[in-house]
Each structure stands twice: as C-alpha cells, then as structure tokens.
2 protein chains.
Amino acid sequence: MGVRKERSASTLAALKEAAKEQFVERGYLNTKITDITRAASRATGSFYEHFGSKDDLLRALEQDMYRQAGESLSGQHPADHDLTDAVQLRAHVAAAWETMRDNLPVVVALHESAIVGGSEPAYAWQNLADGTRVLREHLEFLRDRGHHLPGDPELIAAAMGAMLSGLGYALLRAGGAGRSDEEVIDGLTALLLAGLQG
Amino acid sequence: MGVRKERSASTLAALKEAAKEQFVERGYLNTKITDITRAASRATGSFYEHFGSKDDLLRALEQDMYRQAGESLSGQHPADHDLTDAVQLRAHVAAAWETMRDNLPVVVALHESAIVGGSEPAYAWQNLADGTRVLREHLEFLRDRGHHLPGDPELIAAAMGAMLSGLGYALLRAGGAGRSDEEVIDGLTALLLAGLQG
DNA sequence: GTCTATACCGGGATAGAC
DNA sequence: GTCTATCCCGGTATAGAC
C-alpha cells in the first residue's frame with residue numbers, strides 16, 4: 001500500500017486503496033474527500049462517479065472486508081466454544097487481533113464512524129453489544145452448562161470487546177509500538193483467561 | 001441538569017451546563033456551538049465572550065473536573081498499591097467508574113476529542129498510554145516485587161484502560177442500560193482479578 | 001469516465017448596535 | 001455583556017467541457 005508509481009488500472013480500486021492509506025494516516029474523520037482523490041492522483045469530481053459519499057465508500061470497504069474474511073467474521077460461528085480453555089480463548093483473541101491488523105484501515109474507519117454515526121445516546125452501547133454478540137453467545141453457552149462467570153454474559157462480552165477494539169485501534173495505528181502480535185495476544189489471553197474460569 | 005426555567009445567574013455557568021447537557025445527548029463532535037447557546041437560551045455571539053472555541057470550552061470543563069475531583073485524579077497517587085488484592089483492585093475500578101459516571105459529559109467529550117485531536121497515527125496510543133500511567137506504575141510495583149504479570153505493565157495497563165473507558169463511554173451514555181454500578185464494578189473486578197494474580 | 005471550475009452550504013467566528 | 005446580522009471559510013457536491 002506504499003507509493004505506487006504506476007496508476008492502478010481501475011480508478012475505483014485506486015480510490016479504495018488511497019482511502020485505506022489515508023484512513024490509517026489521518027484517521028477516518030480527519031480524511032477529506034480531496035485527500036483521497038489527491039492520494040489516488042484523481043480529480044475530485046471522479047470520486048462521485050464511484051461513491052455517493054465518504055460513508056458510502058466506507059460501506060463498500062466494509063463489504064469487501066466481510067467478503068474476503070469470509071465466514072470467520074460475518075458468517076455463523078458455532079456457539080459451543082469453551083472460552084475457559086486456554087487454547088480456544090487464545091484462538092479467539094488471535095482471530096480478532098489479526099482481523100483488526102489485516103483490515104486496519106476499515107477497522108479504524110468503522111471505529112470512528114460509529115462515534116459520529118448515531119446521535120442517540122444509546123447508539124454506542126447498541127453498537128458494542130451487537131459487535132460482541134458472538135462472544136456473548138459463547139459465554140451464555142458456558143453459563144448454561146453451569147459454569148460460573150464473572151458477570152452477565154452481555155456485560156462481560158462487551159467489556160472484552162471494548163478492550164480488544166480500544167487497544168487494537170490505538171496500538172495498531174501506532175504500528176504496534178514495537179510489540180509483536182504474539183506478545184499482545186498472549187498478554188490479553190493471560191489477563192482474561194483466569195477471570196473467565198471463575 | 002434538567003430543564004431550568006430560571007435563567008442562571010451567570011451566562012458562563014449557563015453555557016457550561018448547557019454544553020454538558022448537549023455532550024451527553026448528541027456527543028461532543030455532533031454538538032454545534034449553536035446547540036449550546038440555544039440550550040442555554042443565549043445568543044450565538046455571547047459564546048465567544050467566554051470561550052475562544054468549542055475546544056477551549058472543553059478544556060475549561062476539564063479543569064473544572066480536575067479541580068473538583070481533587071487529588072484523586074490529577075494528583076500524585078502512591079504507586080505501592082496491590083492490584084492483586086481484591087479489595088484494592090475493586091477500589092480502583094470503582095473509583096474510575098464513578099469518576100466517569102459523575103463527569104460523564106466531560107469524559108464523553110474528551111473521549112471523542114482525542115480521536116480527532118491528533119492526526120498522527122500514534123496519537124491514540126500515546127493518549128492511552130498516558131492515561132493509564134498510574135495503572136502501569138502499580139503493575140511495575142508488583143513486578144519489581146517479583147510478582148508474575150500476564151504481560152508487560154504498559155500493555156496490560158493500556159488494555160485495562162481501554163476496557164474501562166470503552167465500556168464506560170458506551171454504557172454510561174446509554175444510561176447504564178439498566179445495570180447498576182455495583183454490577184459493572186463487580187463484574188470487571190472479577191474478570192480482571194484472577195488474571196492479574198497470575 | 002475523467003477532468004476543471006464552481007456552486008452551495010453548514011457552521012465557526014466577527015462586527016457593531018444596544 | 002448580550003444581542004442581531006453577517007461574513008467567511010473549508011469541504012461537499014455538481015455542472016459541463018473534453
């Protein structure tokens with residue numbers, strides 16, 4: 001995603017690439033349409049030939065991400081996973097972290113967009129609860145099997161999700177700040193594991 | 001902070017109150033200067049008699065918060081606290097949560113402002129690391145005493161901070177979504193405690 | 001489809017009367 | 001200090017030539 005001398009074949013693709021570049025560098029909210037077109041070496045007007053607005057572009061990128069991430073993100077994910085098992089918990093943390101890392105521009109943009117998106121006070125919570133639905137289901141599965149959890153599944157799932165997304169947003173945008181993915185994934189797993197075991 | 005029929009004695013105070021009202025309702029970024037003046041039943045121009053900009057107002061509110069919160073927030077906080085002790089950890093979680101709750105408008109505004117504030121990619125991380133300095137020092141204190149932590153103090157502190165602030169922002173803006181402070185504080189404490197004990 | 005030029009507008013900020 | 005009226009700018013979006 002560095003500086004490309006050769007023009008991309010399609011302007012659509014060039015705009016998407018440029019947008020991703022800019023979202024990481026400047027953040028989504030700080031990126032202007034003209035920043036994107038300039039980075040793509042295209043005229044301002046061309047943007048609107050392909051997208052109706054910046055939000056429209058973001059939704060397109062979001063779809064691209066879901067499509068390429070396949071079922072692991074959007075698809076149905078079996079609820080019968082045991083998060084009190086070190087291996088399984090680590091796998092979930094790793095999957096989330098790596099997805100964020102591999103789709104950082106879109107993750108960053110969605111994170112920021114969610115803040116401005118809804119004016120209603122409850123919007124952020126709704127968003128967080130929705131985004132951690134799978135996690136919540138895993139916890140409910142455990143609870144229904146008689147396991148003792150540190151708190152209500154929805155709450156604990158939201159807390160874990162806030163941790164993941166907040167840390168990911170900050171740390172990954174900073175290029176990891178010299179930390180390996182391994183270190184982060186292991187640290188988060190170790191921090192959460194014992195608490196989930198109750 | 002409800003609808004006040006009587007005009008506040010001072011316009012300065014009225015603007016601050018109105019701003020806090022609006023920040024919770026609309027979010028900081030979505031609040032226009034005119035939203036604030038209208039809510040305070042003052043003219044647009046009056047705003048600039050008291051503040052140079054919206055950010056200037058936020059800084060004033062931030063100072064108010066620090067002043068009234070006293071040393072517990074801004075002041076020096078002894079590093080020799082044992083976060084692996086259930087009572088002490090709970091006290092820290094409770095203090096953070098209650099501070100967020102009691103200063104929700106400012107917390108919301110600062111949270112959003114931090115996103116737009118710095119354009120540099122590393123800004124958010126810097127911010128998070130700074131905001132969890134005290135927590136990090138507690139963890140370093142433990143490590144230096146030979147305690148085994150789930151990961152690097154700065155990383156773990158940042159993770160805990162992201163969880164607290166992310167959850168606080170979302171849940172408190174939603175009015176708690178029917179949850180008591182107790183439930184949240186107990187849940188977070190239970191989730192983190194065992195992991196910190198190693 | 002892409003370009004240049006420009007219209008348009010929200011919203012921050014100011015001028016000047018009271 | 002507060003008001004009304006207005007300016008002004010950044011940024012989105014469009015018009016129309018190529």
Side-chain angles (χ1 to χ4, degrees), chain A residues 4-61 105 108-109 112-113 115-119, chain B residues 4-62 105 108-110 112-120:
Chain A
R4 310 221 167 240
K5 288 294 187 287
E6 351 76 43
R7 278 192 158 197
S8 301
S10 142
T11 292
L12 179 76
L15 288 172
K16 283 180 177 178
E17 281 312 301
K20 291 199 247 178
E21 225 175 86
Q22 297 291 307
F23 290 169
V24 176
E25 278 175 29
R26 305 172 187 266
Y28 174 72
L29 296 176
N30 281 324
T31 297
K32 318 300 168 200
I33 306 277
T34 50
D35 291 329
I36 297 171
T37 52
R38 185 166 7 87
S41 303
R42 295 300 198 287
T44 311
S46 286
F47 180 89
Y48 295 94
E49 187 66 27
H50 301 276
F51 308 102
S53 65
K54 194 169 67 166
D55 184 73
D56 188 39
L57 160 61
L58 175 54
R59 298 311 147 190
L61 291 176
V108 163
E112 296 186 15
S113 161
I115 285 181
V116 176
S119 301
Chain B
R4 310 220 168 243
K5 288 293 186 288
E6 352 76 42
R7 278 194 159 196
S8 300
S10 143
T11 292
L12 179 75
L15 288 173
K16 282 182 176 178
E17 281 312 301
K20 291 198 246 179
E21 223 174 88
Q22 298 291 307
F23 290 168
V24 175
E25 277 176 31
R26 305 172 188 268
Y28 175 73
L29 295 177
N30 281 324
T31 298
K32 319 299 169 204
I33 305 278
T34 51
D35 291 329
I36 298 171
T37 51
R38 185 165 8 87
S41 303
R42 296 300 198 287
T44 312
S46 285
F47 180 90
Y48 295 94
E49 188 66 28
H50 301 276
F51 308 103
S53 65
K54 194 168 69 167
D55 184 73
D56 188 38
L57 160 61
L58 175 55
R59 297 312 146 189
L61 291 175
E62 188 182 9
V108 163
L110 289 173
E112 296 186 15
S113 162
I115 285 182
V116 176
S119 302
E120 323 80 47

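Chain letters run A, B, ... following the sequence lines, proteins first, then strands; residues in each count from 1.
- Of the candidate nucleotides D/dG11, C/dG12, C/dA13, C/dA13 has the atom nearest to the side chain of B/Ser53.
- Rounding to the nearest 0.5 Å places CD1 of B/Ile33 at 9.5 Å from OG1 of B/Thr44.
- Every side-chain hydrogen bond (donor to acceptor under 3.5 Å, both in side chains) that A/Glu112 has, sequence neighbours left out, goes to A/Tyr169.
- A straight line from CD1 of A/Ile36 to P of C/dT2 spans 16 Å, rounded to a whole angstrom.
- Going from atom CG of A/Leu15 over to atom C1' of C/dC3 covers 14 Å, rounded to whole Å.
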- Nucleotide by nucleotide, nucleotides 4-9 of chain C touches protein heavy atoms under 4.0 Å in the pattern (B base, S sugar-phosphate only, - none) B-----
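- Straight-line distance from the OH atom of B/Tyr48 to the C1' atom of D/dG1: 17 Å, rounded to whole Å.
- Atoms CG and CD, from B/Asn30 and B/Glu25 in turn, are 12.5 Å apart once rounded to the nearest 0.5 Å.
- Atom CG of A/Asp35 is separated from atom P of D/dG10 by 13 Å (rounded to the nearest Å).
- Atom-to-atom, CZ of A/Phe51 to P of C/dG1 comes out at 12 Å; the value is rounded to the nearest Å.
- Protein atom CD of B/Glu49 is 13 Å distant from nucleotide atom P of C/dA15, rounded to whole Å.
- Side-chain contact between A/Leu15 and A/Leu57 is absent, with no heavy atoms from C-beta onward closer than 4.5 Å.
- For the residue pair A/Ala109 and A/Phe23, the shortest heavy atom distance occurs at CB-CD1, 3.8 Å.
- Among residues at least two apart or in separate chains, side chain to side chain donor-acceptor pair (under 3.5 Å) pairs with a member in residues 49-62 of chain B are B/Asp55-B/Arg59, B/Arg59-B/Glu62, B/Arg59-B/Ser113, B/Glu62-B/Tyr66.
- Between A/Thr11 and C/dT2 there is a side-chain N or O to OP1 or OP2 distance below 4.0 Å.
- For B/Arg38 and B/Asp35, the salt-bridge test passes: some basic side-chain N is under 4.0 Å from an acidic carboxylate O.
- As a whole-Å value, the separation of A/Phe47 CZ from D/dT12 C1' is 10 Å.
- Here the C1' atom of nucleotide C/dG12 and the CG atom of B/Leu29 are 15 Å apart, to the nearest Å.
- For A/His50, the listed nucleotide lying nearest its side chain is C/dT2; candidates were D/dT12, D/dT2, C/dT2.
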